[in-house]
Amino acid sequence: MTKISPVRGMSDILPEDINTWQFIESTWQKIAKRYGFQEIRMPLLEDINLFKRSIGDVTDIVQKEMFVLKDRDGNELALRPEGTASCVRACLTNNLFNLNSQQKLWYQGPMFRYERPQKGRYRQFHQIGVESFGIESYEAELEHIITLHKFWEELGIRDKVVLQINSIGQKHSRLNYITALQHYFNSYLDALTPEEVERLGRNPLRLLDSKNPKLQEIIKSAPSLIDYIDDESKDDLNNLLRNLDQLGINYFVNNRIVRGLDYYNKTVYEWVTTELGAQGAVAAGGRFDSLINQLGGMDSYASGFAIGIERVFLLMQNSNLNKSKQLHAYLITVGDDASLKRIAIGERIRQLCPKINLEVNLSTGSVKSRFKKADQSGATVALIIGEDELKDDKITIKFLRNHFEQMLVPINELNSYLIKNQVLEAK
Ligand code: HAM
């Protein structure tokens, strides 16, 4: 029978990688707790209009990247391409803003975009996202950038990512800029591809982050967004930058960052790496004050970001920062009497050593093959119980990763031996 392949651009996360994934996720969870962000979980499927109204009808995501399906009643649904719109919708659905207009939330999970898959770009990928609602001050972005900075630091990849910041201004100032930009590019229509000409009419800001070398030359002399944006947006950006200077967080101001989703205003930013080829953005976000109102809520303020977990994972892998399976011990029984009781012996060890990660060998193979399995398990020690140990209520500890002498110890004292030999932590 032929095997069924996975859907293109969607991968399994394998056991050998899961410890690194869990480390990334738990590192974020700890930071979120320290800064008072609360987790929220939203569904993967939403009414398609949610994304049309928020991300924008003319964006690439809505025009060509959504996974769309119809339910049995004919309703058009989309697999979420991002979490921000769903998060705002969830707050409105559940009246969270009525209880407290300031909400600091985070979420994680799979997102879906029908993009051309390549390294670092997938059709199902995972984000950790953060949104702060109801905070007018640039301090919302400041706090987000600080938490991201801590996150890179704790993962060990701080020197792999660079913060690039820009302001795209308030809507009214951006419209003036768009007019100037269209005027400028109209003199270069011959140099644009048909798709770029179409983009000039539909979403001209996106021409600025084009990867087309010919266009990049033209862009060099294009009007600069910073000359058009309103004073309030400029003040917010400058205040943010001043604070980052004081905190020693490095950044570049990059006037070409415009973001691919329509809901942004004022400050926007991306953390980029040079290690992943074209897929350089590892996290990105900014302010999106009008979205709550646009989705049927009150006038408010909003700011947030999302991290691409696959890209973080790849950066950690490049730096050999992968986390291995954290098994402390692997239990081997020798002889029928001990082997008949191996599950019960394992339970007793777990009771005596509350911190232990222990795998019990459940095979029927030779003793030699059991030791081979112990070695492959990645455990620090093998714990062995044969007929003699069973009779004397003792256990043999064999160190698998160094040349320490094998020890025979009373099973009741196993925990203190493992702590003394740094197999287990004391606390
Ligand atoms: P985004 O820039 O579209 O923003 O995505 C955020 C991050 O998700 C990217 O920087 C990248 O690391 C990752 N990412 C995006 N697409 C893919 C893909 N196809 N494969 C792998 N990783 C990908 C947003 O989604 C906004 N919702 C962020 C935000 C939150 N803004 C305000 N609040």
Side-chain angles (χ1 to χ4, degrees), residues 7-11 13 24 28 37 40 42 46 50-51 54-56 59-62 64-67 79-91 103-133 135 140-141 143-145 147-148 151-152 157 160-164 166 168 206 209 257-273 275-292 295 301-315:
V7 177
R8 187 161 132 82
M10 305 198 179
S11 331
I13 299 167
I24 295 170
W28 173 259
F37 290 96
I40 181 166
M42 298 86 66
E46 298 274 3
L50 174 65
F51 303 115
S54 55
I55 298 171
T59 56
D60 283 353
I61 296 182
V62 167
K64 45 189 186 196
E65 292 173 3
M66 281 206 294
F67 281 87
L79 277 168
R80 61 181 185 190
E82 57 109 50
T84 306
S86 304
C87 188
V88 173
R89 200 261 323 122
C91 290
Q103 296 282 340
K104 290 170 55 170
L105 304 172
W106 72 274
Y107 49 83
Q108 72 175 40
M111 308 290 160
F112 304 84
R113 294 184 195 175
Y114 199 86
E115 295 191 84
R116 199 164 45 79
Q118 54 177 256
K119 189 173 180 180
R121 189 167 69 196
Y122 312 99
R123 289 185 176 171
Q124 174 175 315
F125 59 98
H126 296 77
Q127 286 185 342
I128 289 171
V130 171
E131 319 291 359
S132 293
F133 298 114
I135 301 167
E141 288 86 290
E143 193 168 54
H144 292 167
I145 289 173
T147 58
L148 275 166
F151 185 55
W152 312 133
I157 55 171
K160 308 264 163 200
V161 288
V162 173
L163 173 59
Q164 302 204 342
N166 193 21
I168 56 168
R206 288 314 302 277
D209 56 13
I257 291 184
V258 290
R259 309 286 299 124
L261 306 95
D262 266 1
Y263 48 60
Y264 291 104
N265 65 317
K266 292 187 166 179
T267 302
V268 291
Y269 56 91
E270 292 182 356
W271 292 81
V272 295
T273 179
E275 288 195 15
L276 299 178
Q279 308 314 315
V282 181
R287 191 158 272 275
F288 52 100
D289 291 324
S290 50
L291 189 60
I292 297 176
L295 292 177
Y301 304 96
S303 185
F305 67 84
I307 304 163
I309 308 185
E310 279 80 0
R311 295 185 188 176
V312 172
F313 175 86
L314 288 170
L315 283 185

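All ligand and atom numbering here is 1-based and tracks the order in the structure.
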Q: Enumerate the atoms of ligand 1 whose separation from the nearest heavy atom of G285 is less than 4.0 angstrom.
A: 31 (N)

Q) Any side-chain heavy-atom pair from Y269 and I145 closer than 4.5 angstrom? A) yes

(Q) Looking only at protein heavy atoms, which one is nearest to atom 20 (N) of ligand 1, and what is the separation? (A) Y122 N, 3.0 Å

Q: Check whether the side chains of Y263 and T84 place a donor and an acceptor atom closer than 3.5 Å, and report yes or no.
A: yes

(Q) Within the structure provided, determine whether S303 and I135 are in side-chain contact (heavy-atom separation under 4.5 Å). (A) no

Q: Of the side chain and backbone of Y269, name the one, both, or neither that has a heavy atom under 4.0 Å from an atom of ligand 1.
A: neither

Q: Number the atoms of ligand 1 from 1 as they appear, then name those within less than 4.0 Å of a heavy atom of V282, with their elements.
A: 10 (O), 12 (O)

Q.
Would R121 count as a contact residue for ligand 1, given that I'm defining contact as a non-hydrogen atom of the residue lying under 4.0 Å from a ligand atom?
A. yes

(Q) Tell me whether the count of non-hydrogen atoms from other residues, nucleotides or ligands lying under 6.0 Å of CZ in F67 goes above 12. (A) yes

(Q) Under 4.0 Å, heavy-atom basis, I'd like to know which part of E131 is in contact with ligand 1: side chain, backbone, both or neither. (A) side chain

Q.
Quick check on G120 - does any of its heavy atoms sit under 4.0 Å from an atom of ligand 1?
A. yes

Q: Check F305 against ligand 1 and report side chain, backbone, both or neither, counting heavy atoms closer than 4.0 Å.
A: backbone

Q. Is the side chain of R80 donor-acceptor paired with the backbone N or O of M111 at a distance under 3.5 Å, no angle test?
A. no

Q) Which residue supplies the protein heavy atom nearest to atom 26 (C) of ligand 1, what is that atom called, and how far is it? A) Y263 OH, 3.4 Å

Q.
Quick test of your reading of the model: are E115 and R123 salt-bridged, counting only N-O distances below 4.0 Å?
A. no

Q. What atoms of ligand 1 come closer than 4.0 angstrom to any heavy atom of F288?
A. 32 (C), 33 (N)

Q. Which class fits the ring pair F37 and H144: parallel under 30°, tilted 30 to 60°, perpendicular over 60°?
A. tilted

Q.
Looking at ligand 1, would W271 count as a contact under a 4.0 Å heavy-atom criterion?
A. no

Q | Heteroatom proximity flag, A281 to ligand 1, N/O under 3.5 Å | A | yes

**Q.** Residue-ligand contact E270/ligand 1, heavy atom below 4.0 Å
**A.** no

Q) Looking only at protein heavy atoms, which one is nearest to atom 13 (C) of ligand 1, and how far off is it? A) G308 CA, 3.6 Å

Q.
Evaluate Y107 against Q127 for side chain to side chain donor-acceptor pair (under 3.5 Å), listing each step before the verdict.
A. CA-CA 8 Å; Y107 49 83; Q127 286 185 342; 4.8 Å; no

**Q.** Identity and distance of the protein heavy atom lying nearest atom 19 (N) of ligand 1
**A.** E115 OE2, 2.7 Å

**Q.** Atoms in ligand 1 with a heavy atom of R259 nearer than 4.0 Å
**A.** 1 (P), 2 (O), 4 (O)

Q | Distance filter under 4.0 Å to T84 heavy atoms, resulting ligand 1 atoms | A | 26 (C), 27 (N), 29 (C), 30 (C), 31 (N), 32 (C), 33 (N)

Q: Answer yes or no: does an N/O atom from I61 fall short of 3.5 Å to an N/O atom of ligand 1?
A: no

Q: Return the orientation label for the F151 and W28 ring planes: parallel under 30°, perpendicular over 60°, tilted otherwise.
A: perpendicular

Q.
Does either side chain, that of H126 or that of Q108, offer a donor lying less than 3.5 Å from an acceptor on the other one?
A. no

Q: Ignoring hydrogens, just give me the one of Q127, R311, Q279 whose non-hydrogen atom is nearest atom 5 (O) of ligand 1.
A: Q127

Q) How far is atom 27 (N) of ligand 1 from its nearest protein heavy atom, and which residue and atom name does that atom have? A) E82 OE1, 2.5 Å

(Q) How long is the straight-line distance from NZ of K160 back to CH2 of W152, given to the nearest 0.5 Å? (A) 13.5 Å

Q: Using a strict cut-off of less than 4.0 Å between a Lys/Arg side-chain nitrogen and an Asp/Glu carboxylate oxygen, indicate whether K104 and E143 qualify as a salt bridge.
A: yes

Q: Give a yes or no on whether F313 atom CZ has more than 12 heavy-atom contacts from other residues, nucleotides or ligands under 6.0 Å away.
A: yes

Q. Quick one: does ligand 1 sit under 4.0 Å from the side chain of L261, the backbone, both or neither, non-hydrogen atoms only?
A. side chain

Q) Where the closest heavy atom to atom 22 (N) of ligand 1 is concerned, which of F112, F125, Y264, Y114 has it? A) F125

Q: Decide whether the shortest distance between a heavy atom of A283 and an atom of ligand 1 is less than 4.0 Å.
A: yes

**Q.** Per-residue contact class, S303 against ligand 1 - non-hydrogen pairs under 4.0 Å
**A.** neither

**Q.** Which residues share a salt bridge (charged side-chain N to carboxylate O under 4.0 Å, His left out) with R259, sequence neighbours left out
**A.** E270

Q: Using a 4.0 Å heavy-atom cut-off, say whether E310 meets ligand 1 through its side chain, its backbone, both or neither.
A: neither

Q.
Test your reading of the model: is there a side-chain donor-acceptor pair from N166 to the backbone of I257, 3.5 Å cut-off?
A. yes

